[in-house]
Amino acid sequence: MEILPDRCTQIAKKELMYAGSVGLVTYLGGVIYINRKRTSDAKSIMASVAQTMISDNLKIWVYPEGTRNNTGDLLPFKKGAFHLALQAQVPIIPVVYSSFTSFYNQKKNLFTGGVIKVEILPKIDTTDVTEDGIAELTERCHQTMRQVFLRISDKPNEANTQSNSVK
């Protein structure tokens with residue numbers, strides 16, 4: 001949590017709060033929890049977060065896939081982060097992490113030694129985006145981040161193919 005920029009916190013699914021020491025660390029780090037199973041609660045919290053972003057100059061770090069993924073590719077993005085950026089009228093700053101599949105054992109839920117590459121992409125302005133443009137914004141961001149993800153994960157041949165899971 002110490003590596004986050006000043007005035008920045010993360011959004012995570014509520015279930016993470018109950019994940020042992022990870023839950024404790026995220027709670028103490030000020031993570032904002034979202035109950036994804038109750039859409040009305042999630043939307044209400046996101047609207048409140050948007051207001052706090054504006055009034056307190058708060059930055060929010062969101063993982064738009066919504067869950068950990070061990071496939072070696074990006075999952076489709078959920079739209080909550082994009083609605084949040086639009087509500088707060090703030091740019092999206094895509095941050096892409098390389099795949100960890102080569103040093104994560106999903107069966108044992110165990111990380112071994114490895115290297116994660118991180119690339120920060122140019123910001124995406126949201127000032128001219130309307131609610132009707134959220135799907136296009138989400139897809140454009142996904143495709144841009146996917147190309148970088150595959151490149152920095154040393155999967156360059158796959159970067160030129162369209163993901164079957166993205167519609």
Side-chain angles (χ1 to χ4, degrees), residues 1-36 42 46 49 53 57-85 88 90-126 134 136-167:
M1 304 305 263
E2 285 295 317
I3 65 167
L4 291 175
D6 289 340
R7 311 260 338 119
C8 182
T9 191
Q10 299 176 5
I11 290 181
K13 59 185 176 181
K14 187 175 182 179
E15 296 86 356
L16 191 61
M17 188 185 322
Y18 307 107
S21 58
V22 171
L24 179 61
V25 168
T26 60
Y27 175 78
L28 293 174
V31 166
I32 299 166
Y33 297 103
I34 301 291
N35 184 350
R36 298 183 310 173
M46 293 296 261
V49 169
M53 289 174 71
N57 193 29
L58 183 66
K59 299 170 193 80
I60 301 295
W61 194 294
V62 180
Y63 300 91
E65 288 180 284
T67 191
R68 180 174 289 166
N69 167 13
N70 204 33
T71 67
D73 200 350
L74 291 184
L75 295 175
F77 287 174
K78 298 188 179 304
K79 294 184 178 110
F82 302 93
H83 282 285
L84 179 62
V90 295
I92 296 167
I93 303 173
V95 178
V96 183
Y97 295 86
S98 63
S99 177
F100 55 78
T101 55
S102 65
F103 57 90
Y104 175 67
N105 183 326
Q106 188 174 16
K107 289 181 183 175
K108 293 182 181 179
N109 198 23
L110 179 70
F111 283 96
T112 57
V115 174
I116 294 281
K117 299 173 189 171
V118 179
E119 191 166 319
I120 301 170
L121 307 182
K123 71 181 177 179
I124 299 171
D125 188 40
T126 62
I134 293 285
E136 188 276 328
L137 174 65
T138 304
E139 178 61 21
R140 182 168 39 107
C141 190
H142 181 275
Q143 289 304 316
T144 301
M145 291 179 73
R146 182 175 184 266
Q147 287 176 352
V148 173
F149 173 80
L150 293 171
R151 178 177 48 78
I152 67 176
S153 299
D154 298 322
K155 300 177 183 194
N157 294 336
E158 296 175 45
N160 295 323
T161 62
Q162 181 73 5
S163 172
N164 291 332
S165 63
V166 177
K167 307 236 183 297

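The shortest distance between side-chain heavy atoms of Pro64 and Phe82 falls below 4.5 Å. You'll find the side chain of Trp61 stays beyond 4.5 Å of the side chain of Thr9, heavy atoms only. Under the 4.5 Å side-chain criterion, counting only non-hydrogen atoms from C-beta, Ile93 is not in contact with Leu121. Side-chain atoms of Phe149 and Ser99, non-hydrogen and from C-beta on, do get closer than 4.5 Å to each other. Inter-residue side-chain proximity for Ile34 and Met46 is flagged as met; some heavy-atom pair is nearer than 4.5 Å. Within the 4.5 Å cutoff, the side chain of Val90 has heavy atoms near those of the Met53 side chain. Residues Leu16 and Val31 fail the side-chain proximity criterion, which asks for heavy atoms closer than 4.5 Å. Contact annotation: the side chain of Pro94 never approaches that of Thr144 to less than 4.5 Å [non-hydrogen atoms, C-beta and beyond].
To the nearest 0.5 Å, atom SG of residue Cys8 and atom CG of residue Asn57 are 11.0 Å apart. To the nearest 0.5 angstrom, Met17 atom CE is 9.5 Å from Asn35 atom CG. Put simply, CD1 on Ile92 and CG on Leu84 are 9.0 Å apart, with the number rounded to the nearest 0.5 Å. Distance check, rounded to the nearest 0.5 Å: CZ of Arg146 to NZ of Lys155 gives 9.5 Å. The distance from atom CG of Leu150 to atom OG of Ser98, rounded to the nearest 0.5 Å, is 11.0 Å. Atoms CD and OG1, from Gln143 and Thr138 in turn, are 12.0 Å apart once rounded to the nearest 0.5 Å.
Here the side chain of Lys117 pairs no donor or acceptor atom with the backbone of Tyr97 at under 3.5 angstrom. When atom types are taken as modelled, the side chain of Glu119 and the backbone of Val96 share no donor-acceptor pair closer than 3.5 angstrom.
Residue Lys59 places its NZ atom among more than 12 non-hydrogen atoms of other residues, nucleotides or ligands, all under 6.0 Å distant.
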Practice task
Please test Ile124 against Cys141 for side-chain contact (heavy atoms from CB on, under 4.5 Å), starting from the C-alpha separation and ending with a verdict.
Solution key: CA-CA 8 Å; Ile124 299 171; Cys141 190; 4.0 Å; yes
Handout entry: CA sep, side-chain torsions, deciding dist, call: Met145, Val95, side-chain contact (heavy atoms from CB on, under 4.5 Å)
Key = CA-CA 8 Å; Met145 291 179 73; Val95 178; 5.9 Å; no
Practice task
Check the pair Thr26, Gln10 against side-chain contact (heavy atoms from CB on, under 4.5 Å), reporting the backbone distance first and the verdict last.
Solution key: CA-CA 9 Å; Thr26 60; Gln10 299 176 5; 5.7 Å; no
Practice task
For the pair Glu136 and Arg140, evaluate side-chain contact (heavy atoms from CB on, under 4.5 Å) and give the outcome as yes or no after the intermediate values.
Solution key: CA-CA 6 Å; Glu136 188 276 328; Arg140 182 168 39 107; 3.4 Å; yes
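The heavy-atom pair separating Val115 from Phe103 by the smallest distance is O-CE2, 3.6 Å. Across Val62 and Ala81, no two heavy atoms sit closer than the pair CG1-CB, 3.5 Å. Considering every non-hydrogen atom in both Thr126 and Pro91, the closest pair reads OG1-N, 4.3 Å.
His142 and Phe77 have perpendicular rings, their planes meeting at more than 60° on a 0 to 90° scale where under 30° would count as parallel.
Every residue was checked against the side chain to side chain donor-acceptor pair (under 3.5 Å) condition with Arg7, not counting sequence neighbours, and none meets it.
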